[in-house]
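One structure is given here, and the rest of the page talks about it.
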Amino acid sequence: MSDASPGSEGAASPDELRAQRLAGLDALREKGIDPYPVRFDRDHSLAELREQFGDLEPGAETDVTVRVAGRLLLIRRQGKLTFATLRDASGSVQLFVSRSVIGTEEHEQFDALDLGDWVGVEGTVMTTRKGELSVKVTRAQLLSKALRPLPDKWHGLADVDTRYRQRYADLIANEDAREVFRVRFAAIAAMRAHLVERGFVEVETPILHVVAGGATAKPFVTHHNALDMDLYLRIAPELYLKRLVVGGFERVFEIGRNFRNEGLSTRHNPEFTMLELYEAFVDYHEMMDLAEGLITGAALAALDTTVVTVDGEPFDLAKPWRRASMRELIAEHAGVDVHPSMPVADVAEIARRFDIPIEKDWGSGKLMLEIYEKTTEGNLREPTFVLDYPVEVSPLARVHRDDPLLTERFELVIGGREYANAFSELNDPVEQRTRLEAQARLGAGGDDEAMGYDADYVRALEFGLPPTGGMGIGIDRVVMLLAGVSSIREVLLFPHLRPEVAE
RNA sequence: GCGCCCUUAGCUCAACUGGUUAGAGCAACAGACUCUUAAUCUGUAGGUUCAGGGUUCGAGUCCCUGAGGGCGUACCA
């Protein structure tokens with residue numbers, strides 16, 4: 001680095017630092033070193049290396065030559081001997097770079113590497129006197145030059161904004177972040193395997209919808225130029241998945257993104273991942289069994305335990321989860337008996353006692369749900385299936401076999417938060433039409449979250465949807481539960497943020 | 001949307017009730033060092049204190065506006 005760039009004399013302002021490293025690139029090229037070579041053939045991951053040689057005695061030398069690659073995270077220069085910590089996706093190992101082994105010129109080249117550089121090395125496996133497994137390097141090759149400095153090697157990257165915007169830097173610097181996403185991927189893989197083992201097929205359905213249905217939420221609107229029409233990003237895949245059951249796929253699931261044009265919070269991101277599944281010939285009771293199996297199995301696969309911690313409180317997911325009706329849970333937590341058969345004025349009176357703001361077109365069922373959400377949901381600590389929601393707030397769920405004003409529907413609540421929503425599906429096309437028409441009237445009346453009327457969906461039902469149980473599980477929230485984090489942004493690789501001010 | 005809080009070097013953090021030249025560690029640069037482990041030691045450089053305005057003899061610190069973020073709340077199957 002003897003070049004006359006502004007950075008050559010030890011300057012370290014951001015611009016100068018970059019200029020200095022860019023100048024370093026030129027210097028490397030002049031020496032015939034490609035800072036971005038095309039490939040490197042390794043024969044061991046670092047975990048494999050540790051697995052094979054982890055129990056060598058201190059001070060051991062082997063004549064086993066290995067080729068490994070990774071990112072340089074720490075360098076301890078010691079004059080004619082350099083130690084470095086190399087990390088790949090599987091683990092890390094120490095490099096032992098001795099001038100007497102690789103020669104002065106090679107050693108100086110190694111010492112010129114920066115933290116953050118990717119390198120590939122060849123060398124023999126050894127341990128130091130203190131027993132640290134190391135590769136005694138005989139050849140080292142720069143694989144990719146880092147132009148930006150790593151975050152603080154001890155404290156990592158703490159600034160939340162930067163962690164989310166520059167997730168790559170977060171992942172390099174913070175073990176905690178890597179762990180959260182390891183849990184995420186393991187949990188999703190486990191749930192997928194659980195379903196495939198049980199004969200479910202994974203499908204993909206449209207994300208661009210002509211009618212945003214399957215849930216009640218504000219959609220994102222986009223525009224198709226060639227067709228000159230507005231389309232909606234899906235708020236749920238439900239109606240398409242049930243079309244597939246009509247078509248004869250008896251067990252289907254989809255893991256994918258839903259989009260809802262609503263507020264952000266520690267539990268809400270405008271795009272989030274949902275697992276939805278449908279199984280023919282069963283009802284919501286099987287969905288409860290399946291929810292327990294999916295979530296407990298995901299915990300075991302990702303954490304090796306079924307014990308999770310919510311707000312500092314441990315729960316063992318392995319125990320059977322409580323199943324109780326909304327009505328009895330409200331009675332327990334609010335001390336009132338509420339049912340959609342009660343006159344609206346009476347239920348509204350109860351709602352007012354709990355300071356619930358009431359809208360004019362709400363019926364007893366909607367009021368009952370509001371009372372539940374205000375008084376009960378947040379207080380359900382243990383995993384609980386909340387059963388039997390009012391028909392009024394469940395336009396796609398089948399009416400309860402024992403009560404015409406309730407549906408066979410449940411939500412799963414753990415630590416006061418919702419994780420799943422499921423029902424015995426409504427498969428009577430005539431009734432479905434009536435219920436969707438009621439939703440459409442709400443929409444026409446100004447309710448921008450009413451479900452749109454999807455005529456083709458009703459047509460599909462007219463071909464016959466078998467008795468079917470269906471469920472949606474909020475994957476991001478399950479991952480939060482397993483990873484023990486309290487913000488959804490921590491489990492999203494790239495959470496939604498406002499645009500960054502130009503650098 | 002509303003309320004409270006935060007934003008200081010590439011990173012992690014300091015700076016008493018407003019006080020004069022904004023400090024430290026890591027990273028960087030120069031040097032010493034062949035068994036280190038966040039290596040150590042010596043030296044050097046690095047700042048529009050988020051942006052803009054205001055109050056003041058004097059502002060990182062107080063006030064206003066804006067930007068970004070966090071938490072709460074509202075909305076939200």
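Per chain, numbering begins at 1; letters A, B, ... match sequence-line order.
- Listed pair A:Arg489 / B:C71 meets the phosphate criterion, a side-chain N or O lying under 4.0 Å from OP1 or OP2.
- When heavy atoms are screened at a 4.0 angstrom cut-off, A:Glu418 is found touching the sugar-phosphate backbone but no base atom.
- Residue A:Ser100 is in base contact, counting any heavy-atom pair closer than 4.0 Å across all strands shown.
- For the 3.5 Å distance criterion, the side chains of A:Thr128 and A:Gln94 fail to qualify, holding no donor opposite an acceptor.
- Between B:U34, B:U12, B:G69, one nucleotide has an atom nearer to the side chain of A:Ala158 than all others, and that is B:U12.
- When the C1' atom is used for both B:A32 and B:U21, the distance is 32 Å, rounded to whole Å.
- Under 3.5 Å, the side chains of A:Arg398 and A:Asn427 contain a donor-acceptor pair of N or O atoms.
- Using a 4.0 Å heavy-atom cutoff across all strands shown, A:Leu74 reaches sugar-phosphate atoms only and no base atom.
- One interatomic measurement links the two molecules: CD1 of A:Ile172 to P of B:C26, which rounds to 21 Å at whole-angstrom precision.
- Under 4.0 angstrom from either OP1 or OP2 of B:G10 there lies no side-chain N or O belonging to A:Lys153.
- One interatomic measurement links the two molecules: CD of A:Gln94 to P of B:U34, which rounds to 16 Å at whole-angstrom precision.
- Side-chain N or O atoms of A:Arg477 include one that pairs as donor or acceptor with a backbone N or O of A:Arg267 at under 3.5 Å.
- Nucleotides B:U8 and B:U49 have their C1' atoms positioned 4 Å apart, rounded to a whole Å.
- Taking only side-chain nitrogens and oxygens, A:Arg77 never comes nearer than 4.0 Å to OP1 or OP2 of B:U40.
- Taking every side-chain heavy atom of A:Arg165 into account, B:G69 is the closest of B:A38, B:G69, B:C75.
- Applying the 3.5 Å distance criterion, the base of B:U36 shares no donor-acceptor pair with the side chain of A:Glu132.
- Using atom P as the reference point in both B:C64 and B:A27, the two lie 41 Å apart (nearest Å).
- Of the listed nucleotides (B:G68, B:C29, B:A77), B:A77 has the atom at the smallest distance from the side chain of A:Asn421.
- To the nearest whole angstrom, the two C1' atoms, one in B:G66 and one in B:A30, are 44 Å apart.
- Among the protein residues, A:Tyr389 comes within range of no part of the nucleic acid, since none of its heavy atoms lies under 4.0 Å from any strand.
- Taking side-chain N and O atoms only, A:Arg76 has a distance below 4.0 Å to OP1 or OP2 of B:A39.
- The pairing partner recorded for B:C71 is B:G3, the criterion being a Watson-Crick or G-U wobble arrangement whose two distances lie under 3.5 angstrom.
- Per the geometry, CD belonging to A:Gln166 stands 17 Å off P belonging to B:G68, to the nearest Å.
- OP1 or OP2 of B:A77 sits under 4.0 Å from a side-chain N or O of A:Thr216.
- Note on A:Arg323 versus A:Glu292: salt bridge recorded, some NZ/NE/NH1/NH2 to OD/OE distance being below 4.0 Å.
- Positionally, the nearest nucleotide of RNA chain B for A:Leu150 lies more toward the 5' end than for the other of A:Thr85 and A:Leu150.
- Partner assigned to B:G47 is none, using Watson-Crick or G-U wobble distances below 3.5 angstrom.
- The distance from atom CD1 of A:Ile488 to atom P of B:C71 is 12 Å, rounded to the nearest whole Å.
- Here the nucleotide nearest the side chain of A:Leu115, chosen from B:A27, B:C35, B:G68, is B:A27.
- Using a 4.0 Å heavy-atom cutoff across all strands shown, A:Leu133 reaches no nucleic acid atom at all.
- Rounded to the nearest Å, the gap between the P atom of B:U48 and that of B:U61 is 16 Å.
- OP1 or OP2 of B:G72 sits under 4.0 Å from a side-chain N or O of A:Thr266.
- Side-chain contact, A:His155 with A:Asp152: a donor N or O sits under 3.5 Å from an acceptor N or O.
- Atom CE of A:Met368 and atom P of B:A77 are 17 Å apart (whole Å).
- Closest approach to the A:Asp161 side chain among B:A38, B:G69, B:C35 is made by B:G69 (side chain taken as heavy atoms from C-beta onward).
- What separates CD of A:Glu411 from C1' of B:C76 is a distance of 12 Å, to the nearest Å.
- Between A:Glu431 and A:Arg435 there is a salt bridge, with a side-chain nitrogen of the basic residue lying less than 4.0 Å from a carboxylate oxygen of the acidic one.
- In this entry the distance linking CD of A:Glu108 with C1' of B:G31 reads 14 Å, nearest Å.
- Nucleic acid contact for A:Gly156: sugar-phosphate only, since backbone atoms but no base atoms lie under 4.0 Å from a heavy atom of the residue.
- The listed nucleotides are B:G69, B:C35, B:U36; the one nearest the side chain of A:Leu81 is B:C35.
- Within 4.0 Å of A:Pro395, counting heavy atoms only, lies at least one base atom of the nucleic acid.
- B:G18 and B:G58 have their P atoms separated by 16 Å, given to the nearest Å.
- With a 3.5 Å ceiling on both atom-pair distances, B:C76 lacks any Watson-Crick or G-U wobble partner.
- Listed nucleotides: B:G69, B:A77, B:C11. Nearest to the side chain of A:Arg409: B:A77.
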Next item on the list: Any chance you could lay out the side-chain hydrogen bond (donor to acceptor under 3.5 Å, both in side chains) test for A:Tyr453 and A:Arg433, step after step, and finish with the verdict?
Entry: CA-CA 8 Å; A:Tyr453 184 81; A:Arg433 183 191 302 274; 3.2 Å; yes
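- With both pairing distances under 3.5 Å, B:G25 is matched to B:C11 as a Watson-Crick or G-U wobble pair.
- Of the charged side-chain nitrogens involved, at least one lies within less than 4.0 Å of a carboxylate oxygen, so that A:Arg417 and A:Asp311 count as a salt-bridged pair.
- Between the C1' atoms of B:C33 and B:A51, the separation comes to 47 Å (whole Å).
- Nearest-nucleotide mapping onto RNA chain B: of A:Asp159 and A:Phe83, the residue sitting toward the 5' end is A:Asp159.
- Side-chain contact, A:Ser45 with A:Asp88: no donor N or O sits under 3.5 Å from an acceptor N or O.
- Taking the side chain of A:Arg21 as heavy atoms from C-beta on, and the options B:G10, B:U34, B:A28, the nearest nucleotide is B:A28.
- A gap of 44 Å separates the C1' atoms of B:G43 and B:G54, to the nearest Å.
- Between A:Glu106 atom CD and B:U34 atom P there is a gap of 19 Å when expressed in whole angstrom units.
- For B:U61, there is no paired nucleotide, since no Watson-Crick or G-U wobble pair has both relevant distances below 3.5 Å.
- Outside the 6.0 Å centre-distance limit, the rings of A:Tyr164 and A:Phe494 are not counted as a close aromatic pair.
- Between A:Lys130 and B:U36, a side-chain N or O to OP1/OP2 separation shorter than 4.0 Å is present.
- For A:Pro151, the side-chain atoms get nearest to B:C11 when compared with the rest of B:C35, B:C71, B:C11.
- Pairing for B:U42 goes to B:A30, judged as Watson-Crick or G-U wobble with the two contacts each under 3.5 Å.
- Residue A:Arg498 places at least one side-chain N or O closer than 4.0 Å to OP1 or OP2 of B:G69.
- Scanning atom types as modelled, one donor and one acceptor separated by under 3.5 angstrom connect the side chain of A:Asp152 and the base of B:G25.
- One cannot find a donor-acceptor pair under 3.5 Å joining the base of B:C11 and the side-chain atoms of A:His155.
- Comparing B:A28, B:C71, B:G68 against the side chain of A:Gln20 picks out B:A28 as the nearest.
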